[in-house]
There are 2 protein chains.
Amino acid sequence: MRVRIEDVAAAAGVSMKTVSRVLNNEPTVKEATRLRVQAVAKSLNYRPDPSARSLAGRRSYLVALLYDNPSANYLMEILTGVVEACEQYHYGMVVQPVAYTRADFVQTVESLVALSRLDGLILTPPLTDSIALLDRLDELRIPYACVSPKVREGGIGVTLDEQEAAREMISLLASMGHTRIAHIRGHAAHGASEWRHEGYCNGLRQAGIDYDPSLVVQGEFSFDSGMQAAHALLDLDDPPTAIFAANDDMAAGVMSVAHGRGLDIPGDLSVCGFDDTPVSRQIFPTLTTVHQPARDMGRQATVELLKAIQDPASGQMTHMPYALQIRHSTGPAHRQRT
Amino acid sequence: MRVRIEDVAAAAGVSMKTVSRVLNNEPTVKEATRLRVQAVAKSLNYRPDPSARSLAGRRSYLVALLYDNPSANYLMEILTGVVEACEQYHYGMVVQPVAYTRADFVQTVESLVALSRLDGLILTPPLTDSIALLDRLDELRIPYACVSPKVREGGIGVTLDEQEAAREMISLLASMGHTRIAHIRGHAAHGASEWRHEGYCNGLRQAGIDYDPSLVVQGEFSFDSGMQAAHALLDLDDPPTAIFAANDDMAAGVMSVAHGRGLDIPGDLSVCGFDDTPVSRQIFPTLTTVHQPARDMGRQATVELLKAIQDPASGQMTHMPYALQIRHSTGPAHRQRT
DNA sequence: CTGTTAGCGCTTTCAT
DNA sequence: ATGAAAGCGCTAACAG
């Protein structure tokens, strides 16, 4: 039969409430009592019943990971980190896709939270950039952590200096002698697209290269949009010798087009991406890109969220490190186009 | 304030229990009453409290998706299907990675089920092939659905005729004139590796090609293992003109090696994979592979599971269709190796 | 076919 | 610092 709190209380010679206090880390318990109860609970292999706990406590011990159509690899990494943190803190996790383009999406999230009594949310891009959503959550006092949000002072979650990473990438290309460096922007709804574009601009400026609008085309983070952009760029009268795509999928699209046109990479064209997804190692040549520690980011965001759930005054915005992955798709700009 | 069952009962002029009956689709309610209660519940926007329901009902209205280190894309597709089915049936889903290589993994699953009172499990490969787990779940009468299990009569879930798909792939290669067709096997723990290999054998037999053991090498479904296998095969005195890898990641590894060696695909070497993951469209040339409807499979498996939870006598093993995706990595065996 | 009475296992008051 | 009693919102068992 299932071990109940009552059994633990009896075995430890205290009341149910005291056991409950120990379980919930409430401070007002004598240390000796706490230790004894913990020992008994462990020896009986007691685990509180989640339903009973949440019914009585008016909370679910559940957080939800919300996402809208992200890359599978990225999301899986984030998810793995979230799961790790949840396990450690004895919290449960549910995953929920939400279509942020739908008019009623804020309401959808609201009722999701209400119906399941969710204790907190982990938001991933581009949900992190919906002011309407964030405002409403603040209003409702629903704790949430953002992964890579566009600026928002005082929020909790994790960020990465994507702008600086992009700048560094451009500096790398410039140092190889490239002066015609193109950029394929990411989906307009993502804050990341802004940052990466700004980093591109900063990199050019720092290298003393003028910004040429014809070298910047809009993509939407998909492989196909990368291909389209590549065609547009390579059809230019004075085409670029290097292309910085705002993510790996688009960079893969560029490389595919380049191969199709018989261009050598990196001899004729250098290509680089962002995210360090598995495809960056699986294409030929391997792709120079920016690594972000998505799994750690998921874990850290969740840890901060859980802290904020316990104490709304806590919860930080943590800064995570990025790392350039220099592989074989980038090189000196030396070959002459025929 | 939250609407409770009591409020619905009062508004409909019936007892709480009658409302409960309507909600749970119990048959013993007069049609007129049922309709009235449903109307009132909807107008009040009533949604039962999951915690209270599960505490009183001794069940969680939760299913868990269990996995062990699968490809991110595959899992995300399955997960999406599971979420769809859960939404439709008003069930919740939790995801749980479990390391099936650990000695205590069956116990881990057991306590997971017990502690969260999970109503059912969705198993993905290779968990579907752990006899120990399946036996224990049967013993405990815990409903579960398998996605692509190795044979098990009477089980519930979804399957795909992977053997036949592999055979068809080999037939395709043979019809293009290939006679030296190699196979890179998948991870030994996966039933899929067996099937695909058997399909390979059948395909050769049907084409009247002798099975050459030196053309079959062991991989483990990873990109790197595909590269290693490719090196081994291409170093042979009489190398293959076509390689059938047991999944796309390994096929991508093969293509990378081929490019590195200056081989033309498909001129010098035809390559094909299995699974139709995004990478198959993102590499150059695009990869010929086998598509499996992973999302539908996840949904269907969940639907069957949910049926089985309601009525243990129901729940089927559904057969799903596959489809060959013929792209640009395969072609006639015509070029002469230099 | 419908209602009444007890809980499910825990946390909250409010005492002490 | 600890305990007793009263629910949380729902379903189970038994009546009628």
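Chain letters run A, B, ... following the sequence lines, proteins first and then strands; every chain starts at 1.
What separates CD1 of B:Ile5 from P of D:dA12 is a distance of 11 Å, to the nearest Å. Regarding B:Asp49, its CG atom lies at a distance of 18 Å from the P atom of D:dG7, rounded to whole Å. In this structure, the CD atom of A:Glu6 is 12 Å from the C1' atom of C:dG7, given to the nearest Å. Taking atom CG of B:Leu23 as the reference point, atom P of D:dA12 lies 12 Å away to the nearest angstrom. Look at CD on B:Glu26: it is 14 Å from C1' on C:dG3, rounded to the nearest Å. Taking atom CZ on B:Arg59 and atom C1' on C:dG9, their separation rounds to 18 Å, with Å as the unit. A straight line from CG of A:Asn24 to P of C:dT12 spans 7 Å, rounded to a whole angstrom. Atom C1' of nucleotide D:dC10 and atom CG of B:Leu55 are separated by 8 Å, given to the nearest angstrom.
Note on A:Thr33: a side-chain N or O is less than 4.0 Å away from OP1 or OP2 of D:dT2. At least one side-chain nitrogen or oxygen of B:Arg4 sits closer than 4.0 Å to the OP1 or OP2 atom of D:dG9. Phosphate contact (OP1/OP2 of D:dG3, side-chain N/O of A:Thr18, threshold under 4.0 Å): present. Phosphate proximity of C:dT11 to A:Arg53: present, with a side-chain N or O under 4.0 Å from OP1 or OP2. Taking side-chain N and O atoms only, B:Tyr46 has a distance below 4.0 Å to OP1 or OP2 of D:dC10. Checking the phosphate oxygens (OP1, OP2) of C:dT11, a side-chain nitrogen or oxygen of A:Ser20 falls inside 4.0 Å.
Relative to the ring axis of B:Tyr46, B:Arg4 does not place its NZ or CZ within 45° and under 6.0 Å from the centre.
Each of A:Arg34 and A:Met16 has a nearest nucleotide on DNA chain D; the 5'-most of these lies closest to A:Arg34. Place B:Ala56 and B:Ser15 on DNA chain C by their nearest nucleotides, and B:Ser15 ends up nearer the 5' end.
Here B:Glu77 does not pair with B:Arg295 in a salt bridge; the nearest charged N to carboxylate O distance is not below 4.0 Å. Comment: B:Asp49 engages A:Arg117 in a salt bridge, judged by a side-chain N to carboxylate O separation of less than 4.0 angstrom.
Not a single donor-acceptor pair under 3.5 Å links the side chain of B:Asn73 to the backbone N or O of A:Ala72.
Counting atom types as modelled, B:Arg21 pairs a side-chain N or O with a base atom of C:dG3 as donor and acceptor under 3.5 Å. Between the side chain of B:Lys17 and the base of D:dA12 there is at least one donor-acceptor pair of N/O atoms closer than 3.5 Å.
In this structure, A:Glu87 places its CD atom where more than 12 heavy-atom neighbours from other residues, nucleotides or ligands lie under 6.0 Å away. Residue B:Gln310 qualifies as open at atom CD: its count of foreign heavy atoms under 6.0 Å is 12 or below.
Aromatic ring pairs are classed by plane angle as parallel below 30°, tilted from 30° to 60° and perpendicular above 60°; the pair B:Phe105 and B:Tyr100 is perpendicular.
Stem regions for DNA chain D, each three or more consecutive Watson-Crick or G-U pairs with both distances under 3.5 Å and listed by first number, read C:1-4 with D:13-16, C:6-16 with D:1-11.
Of the residues listed (B:Val37, B:Val14, B:Val22), the one engaging B:Val29 in a side-chain contact (heavy atoms from CB on, under 4.5 Å) is B:Val22, and it is the only one.
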